[in-house]
Amino acid sequence: MNIAMLIAGGKGLRMHQDIPKQFLNINDKPVIVYTLQAFQKHPQIEAILVVCIDGWQEILKAYASQFNITKLKWIVPGGSNGQASIKSGILELEKHCSKEDIVLIHDAIRPNVSQEIISGCIAQCRLKGSAITVIPCAEAMLLREDKNSSRKLIDRDALARTQTPQAFALKKLLWAHQEAEKRGITDAVATCSLMVELGEKIYFSAGSEKNLKITTTEDIEIFKALLLAKKDEWLK
């Protein structure tokens, strides 16, 4: 089974809005509903779990009913940080799912994830045992000396910009969080960084610049534009 686990436990303090950014309404639909619909639509996704910010669980259930998100099976509260929230989700999945099942961990605030990205992530995980959605670095990359200056260039071809989903077998995720507890790792910024800290090799699947993470009000404007955009027929 392939399970989507959406992480929606953050408060979105950088957005400076009155409600969490995953519940902001864009074109008469909350951000998280766009994300849920992407995984609801995908034929290989069989169930969805949401790690939800406390106090918003009933609102999420209402949205799922309104927008016919029938694959949403479980809602669990978020933790003190991203790592704790993911652990909360996988411990809930352990109660209901096979340890061989594939879990796609995805930011609820990446609402423009495509069907192709989801498919590629599943395929790579089944082939290699993991799949981290990435895109190449197109810009020149500089190493800061301080906030305002640099004298060192980093080879951009040696870098990958990570996105989500990030897919692993449930048993691998359970192992990783058990090991993290043993080693005192408590604030890994993402599952891919946790796996690297644990010495694991991870494999990539293709992402997209359109798979943006909504963090600022500028990102909302970009997402609105993407909703309106259509690919020109002459583009390959």
For salt bridge (charged side-chain N to carboxylate O under 4.0 Å, His left out), just list the numbers for Glu209 and Arg161, CA-CA rounded to whole Å, side-chain angles, deciding distance to a tenth of an Å, and then say yes or no. CA-CA 10 Å; Glu209 293 282 1; Arg161 294 163 56 196; 3.1 Å; yes
Is any side-chain heavy atom of Ile185 less than 4.5 Å from a side-chain heavy atom of Leu198? yes
Verify the distance criterion only: is there a donor paired with an acceptor across the side chains of His177 and Glu181 at less than 3.5 Å? no
From CD (Glu221) to CD1 (Ile26), nearest 0.5 Å: 8.5 Å
Is there side-chain contact between Glu94 and Leu174, with at least one heavy-atom pair below 4.5 Å? yes
Would you say the side chain of Phe168 lies within less than 4.5 Å of the side chain of Val103, judging by non-hydrogen atoms? no
Under 3.5 Å: donor-acceptor pair, side chain of Gln22, backbone of Ala8: yes
Is there a donor-acceptor pair under 3.5 Å between the side chain of Thr162 and the backbone N or O of Val134? no
Do you reckon Tyr203 sits in the same ILVMFWY cluster as Ile105, going by side-chain contacts under 4.5 Å, direct or chained? no
Out of curiosity, does Ile7 fall in the hydrophobic cluster containing Leu24 (side-chain heavy atoms, cut-off under 4.5 Å, transitive links)? no
Salt bridge check, Lys172 against Glu200: does any charged N sit closer than 4.0 Å to a carboxylate O? yes
Ion pair check, Glu145 and Arg151, cut-off under 4.0 Å: yes
Quick check: do Leu36 and Leu60 have side-chain heavy atoms less than 4.5 Å from each other? yes
Rounded to the nearest 0.5 Å, what separates atom OG in Ser88 from atom CE in Met5? 8.5 Å
Lys/Arg N to Asp/Glu carboxylate O, Glu100 vs Lys171, below 4.0 Å: yes
Find the distance between OG1 (Thr186) and NZ (Lys87) and round it off to the nearest 0.5 Å. 10.5 Å
State, to 0.1 Å, how close Ala131 and Cys125 come at their nearest heavy-atom pair, and which atoms those are. CB-N, 3.7 Å
Here the pair of heavy atoms bringing Gln83 nearest to Ala188 is OE1-N, 2.7 Å
Any chance you could measure Trp74, atom CH2, to Leu72, atom CG, to the nearest 0.5 Å? 9.5 Å
Asn211/Gln163 under side chain to side chain donor-acceptor pair (under 3.5 Å): CA gap, chis, key distance, verdict: CA-CA 8 Å; Asn211 184 26; Gln163 300 181 333; 3.0 Å; yes
Which class fits the ring pair Phe23 and Trp56: parallel under 30°, tilted 30 to 60°, perpendicular over 60°? parallel
Carefully, step by step, assess Lys213 and Asp219 under the rule side-chain contact (heavy atoms from CB on, under 4.5 Å). CA-CA 7 Å; Lys213 185 177 183 180; Asp219 297 326; over 6 Å; no
Is there a donor-acceptor pair under 3.5 Å between the side chain of Lys71 and the backbone N or O of Gln40? yes
According to a 4.5 Å side-chain heavy-atom criterion applied to Ile, Leu, Val, Met, Phe, Trp and Tyr, with indirect links allowed, do Tyr34 and Val51 form part of one hydrophobic cluster? no
Does Arg110 reach the main-chain N or O of Ile214 with its side chain, forming a donor-acceptor pair under 3.5 Å? no
So for atom CG, which belongs to Asp146, do other residues, nucleotides or ligands contribute more than 12 heavy atoms lying within a distance under 6.0 Å? yes
Gly78 backbone acceptor or donor facing Asp54 side chain under 3.5 Å: no
Nearest non-hydrogen partners of Val31 and Ala108, listed with the distance: CG1-O, 3.9 Å
According to a 4.5 Å side-chain heavy-atom criterion applied to Ile, Leu, Val, Met, Phe, Trp and Tyr, with indirect links allowed, do Leu49 and Ile75 form part of one hydrophobic cluster? no
Side chain to side chain donor-acceptor pair (under 3.5 Å), paired with Asn2, selected from Arg126, His42, Gln44: Arg126
Give every donor-acceptor pair under 3.5 Å between a side-chain atom in residues 61-68 and any protein atom, sequence neighbours left out.
| residue | atom | partner | partner atom | Å |
| --- | --- | --- | --- | --- |
| Lys61 | NZ | Glu58 | OE2 | 3.2 |

So, do Leu104 and Ile3 sit near enough that their side-chain heavy atoms are less than 4.5 Å apart? no
What distance separates Asp187 CG from Ser80 OG, expressed to the nearest 0.5 Å? 8.0 Å
Consider only side-chain heavy atoms of I, L, V, M, F, W and Y, link residues closer than 4.5 Å, and tell whether Ile132 and Val196 are in one cluster. yes
State, without any angle test, whether Thr133 and Gln166 hold a side-chain donor-acceptor pair at a distance under 3.5 Å. no
Measuring from Ser149:OG to Leu143:CG, what's the distance to the nearest 0.5 Å? 10.5 Å
For Lys73 and Ala47, which heavy atoms make the closest approach, and how far apart are they? CG-CB, 3.8 Å
Check: Lys21 and Thr215 side chains under 4.5 Å, non-hydrogen atoms: yes
Short question: side chain of Ser208, backbone of Ile117 - any donor-acceptor pair under 3.5 Å? no
Measure across Cys97 and Asp101 and return the closest heavy-atom pair with its distance rounded to 0.1 Å. CB-OD2, 3.3 Å
Has Asn112 got a side-chain atom pairing as donor or acceptor with Leu212's backbone, closer than 3.5 angstrom? no
Sequence neighbours left out, what passes ring-ring contact (aromatic ring centres under 6.0 Å, His included) with Phe39? Give chain and number order. His106
Looking only at heavy atoms, which two atoms of Gly89 and Val76 are closest? And how far apart? CA-CG2, 4.1 Å
Hey, does the side chain of Ser119 reach the backbone of Gln115 with a donor-acceptor pair shorter than 3.5 angstrom? yes
Counting only N and O atoms by type, is there a donor-acceptor contact under 3.5 Å from the side chain of Glu197 to the main-chain atoms of Met195? no
Would you mind reporting whether Asn81 and Val189 have side-chain heavy atoms less than 4.5 Å apart? no
Leu142 and Leu153, any side-chain heavy atoms less than 4.5 Å apart: yes
